[in-house]
Amino acid sequence: MAVEHPLTQPGEQTRIHNIGYRTYDGPRLGRAYARRSLYSQSLRGAYGLGRSVKSKILPMLLFVVMCVPALIMVAVAVATKAKDLPVDYTRYAVIMQAVIGLYVASQGPQAVSRDLRFKTVPLYFSRPIETSDYVRAKYAALASALFVLTAAPLIVLYVGALLAKLDFADQSKGFGQGLASVALLSLLFAGIALVISAVTPRRGFGIAAVIAALTISYGAVSTVQAIAFERSSSGAVPWLGLFSPITLIDGVQTAFLGASSAFPGQVGPSSAQGLVYLAVVLALIAGCYGLLMRRYRKAGL
């Protein structure tokens, strides 16, 4: 049998909630705060911090891979009571350039590709942040992450050298030269990786393109340099180094930081050629920044 419910009164059916629209009266932190927040978030993301466990595996693994050879070298130097480290500070990054290339290839697209893929860039620019703020924060974050990756093993070498009671002045000088070298490398590699990654929203394509730009160019230049050296064209060897990012860094540190060249026959650039190397590196860094600015002005529309 159906149950009849009593009719509700009209006053019980309708309620008016006066929530209104209120203005924000709190502090307005502005562009500087937004820029710092974007930088710190991007830097943390480069090592998977604040993200899933899966996102932490590769960057942390590559960080360990970068540091383990330095630990082994320090252990050998201490155990054998060597008078010097097996590898110069300026040479370490060149030796480990494959690991550095893999790291920047994986983290460059992570820094920018998702914003392009999900079209969140205009949302950034709807706030007080501007195109230059976004580009500077992303560029600085990836360069800082690369500097951490490349400087950490140098710190291990330096501390180990001091524990092995090697000459303090020589080790401090070499350590400073190594830091200057990896700082320049970090700026160059970060710029190249971000420019390539900003071209496509597909992270996989970005990774492959960055690896090709860094690794394949180094292999091609090294091969041509070796052929030129074997055919007694040693004068061409330094100029060929202008066509690969890692050989550019090698040439700069050979010319100005007292490093031994990794070129065939150790035929590094002279001081005059080193100026050309340095000019090319600085032009590439400035060019990468300019290209990023143009790309994100279009993406922010």
Side-chain angles (χ1 to χ4, degrees), residues 43-44 46-49 53 56-107 142-190 214-215 218-219 222 241 245-269 274:
L43 178 57
R44 285 166 53 83
Y47 284 95
L49 302 178
V53 175
K56 296 180 177 66
I57 294 176
L58 182 59
M60 293 300 182
L61 178 61
L62 293 175
F63 182 83
V64 172
V65 171
M66 280 291 294
C67 293
V68 166
L71 287 170
I72 295 174
M73 292 176 191
V74 166
V76 171
V78 172
T80 59
K81 297 181 180 180
K83 296 182 179 180
D84 204 353
L85 292 172
V87 173
D88 294 336
Y89 294 96
T90 50
R91 287 279 295 150
Y92 194 87
V94 177
I95 294 173
M96 302 296 290
Q97 58 90 20
V99 180
I100 299 171
L102 183 58
Y103 176 85
V104 74
S106 63
Q107 299 310 312
L142 186 57
S144 298
L146 268 174
F147 184 73
V148 170
L149 181 78
T150 52
L154 301 187
I155 294 173
V156 172
L157 288 174
Y158 182 62
V159 173
L162 296 183
L163 292 175
K165 298 181 180 179
L166 301 182
D167 185 76
F168 177 79
D170 287 344
Q171 296 304 316
S172 297
K173 179 181 177 182
F175 179 60
Q177 292 171 337
L179 289 181
S181 175
V182 297
L184 195 61
L185 180 147
S186 299
L187 288 171
L188 179 60
F189 277 38
L214 297 179
T215 305
Y218 175 69
S222 298
I246 192 64
T247 53
L248 276 170
I249 299 299
D250 186 282
V252 170
Q253 67 182 19
T254 299
F256 300 112
L257 299 177
S260 58
S261 178
F263 293 175
Q266 294 188 339
V267 184

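Nearest heavy atom pair, residue Phe263 against residue Pro269, reads CE1-CD, 4.0 Å. When all heavy atoms of Ala46 and Pro59 are compared, the closest pair comes out as O-CB, 3.5 Å. Here the shortest heavy-atom pairing between Pro245 and Leu214 reads CG-CD2, 3.8 Å. When all heavy atoms are compared, the tightest approach of Ser106 to Leu58 is CB-CD2, 3.6 Å.
If you take CG on Leu184 and CG on Leu179, they are separated by 12.5 Å, rounding to the nearest 0.5 Å. In this structure, CG on Leu142 lies 9.0 Å from OG on Ser186, to the nearest 0.5 angstrom. Ile246 contributes atom CD1, which lies 6.0 Å from atom CD1 of Ile100 (distance to the nearest 0.5 angstrom). With rounding to the nearest 0.5 Å, the separation of CG in Asp167 from OG in Ser172 is 8.5 Å. With rounding to the nearest 0.5 angstrom, the CG atom of Asp84 is 7.5 Å from the CG atom of Asp170.
With sequence neighbours excluded, the residues satisfying side chain to side chain donor-acceptor pair (under 3.5 Å) with Ser261 are Asp250. Not counting sequence neighbours, the partners of Tyr103 by the ring pair (Phe, Tyr, Trp, His ring centres under 6.0 Å) test are Tyr47. The ring pair (Phe, Tyr, Trp, His ring centres under 6.0 Å) check on Tyr158 picks up Phe175, with sequence neighbours excluded. Applying the side chain to side chain donor-acceptor pair (under 3.5 Å) criterion to Thr150, with sequence neighbours excluded, gives no partner residue. In this structure Ser144 satisfies the side chain to side chain donor-acceptor pair (under 3.5 Å) test together with Tyr39, sequence neighbours excluded.
Listed for the Gln253 side chain is no donor-acceptor partner under 3.5 Å among the backbone atoms of Ala259. A distance-only check finds a donor-acceptor pair linking the side chain of Ser222 to the backbone of Tyr218 [under 3.5 Å].
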Item checked: Candidate pair Val68 and Val64, rule side-chain contact (heavy atoms from CB on, under 4.5 Å), full reasoning -> CA-CA 6 Å; Val68 166; Val64 172; 3.7 Å; yes
Margin query: Working note: Leu102 + Gln107, criterion side-chain contact (heavy atoms from CB on, under 4.5 Å); need CA distance, chi angles, decisive distance, verdict.
Written below: CA-CA 9 Å; Leu102 183 58; Gln107 299 310 312; over 6 Å; no
Check: Would Phe147 and Leu185 count as a side-chain contact (heavy atoms from CB on, under 4.5 Å) if you check the C-alpha gap in whole Å, the side-chain angles of each, and the deciding distance to 0.1 Å?
Finding: CA-CA 8 Å; Phe147 184 73; Leu185 180 147; over 6 Å; no
Enumerate donor-acceptor pairs with a distance under 3.5 Å from any side-chain N or O in residues 86-95 to protein atoms, sequence neighbours excluded.
residue	atom	partner	partner atom	Å
Tyr89	OH	Gln171	OE1	2.7
Tyr92	OH	Met66	O	2.4
Tyr92	OH	Ala70	N	3.2

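When side chains are defined from C-beta on, Val74 does not count as touching Leu163, because their heavy atoms never get closer than 4.5 Å. For the pair Leu85 and Met73, the minimum side-chain heavy-atom distance is 4.5 Å or more.
Surrounding NZ of Lys173 are at most 12 heavy atoms belonging to other residues, nucleotides or ligands under 6.0 Å away.
Across Leu154, Leu149, Ile249, a single residue satisfies side-chain contact (heavy atoms from CB on, under 4.5 Å) together with Val182, and that is Leu154.
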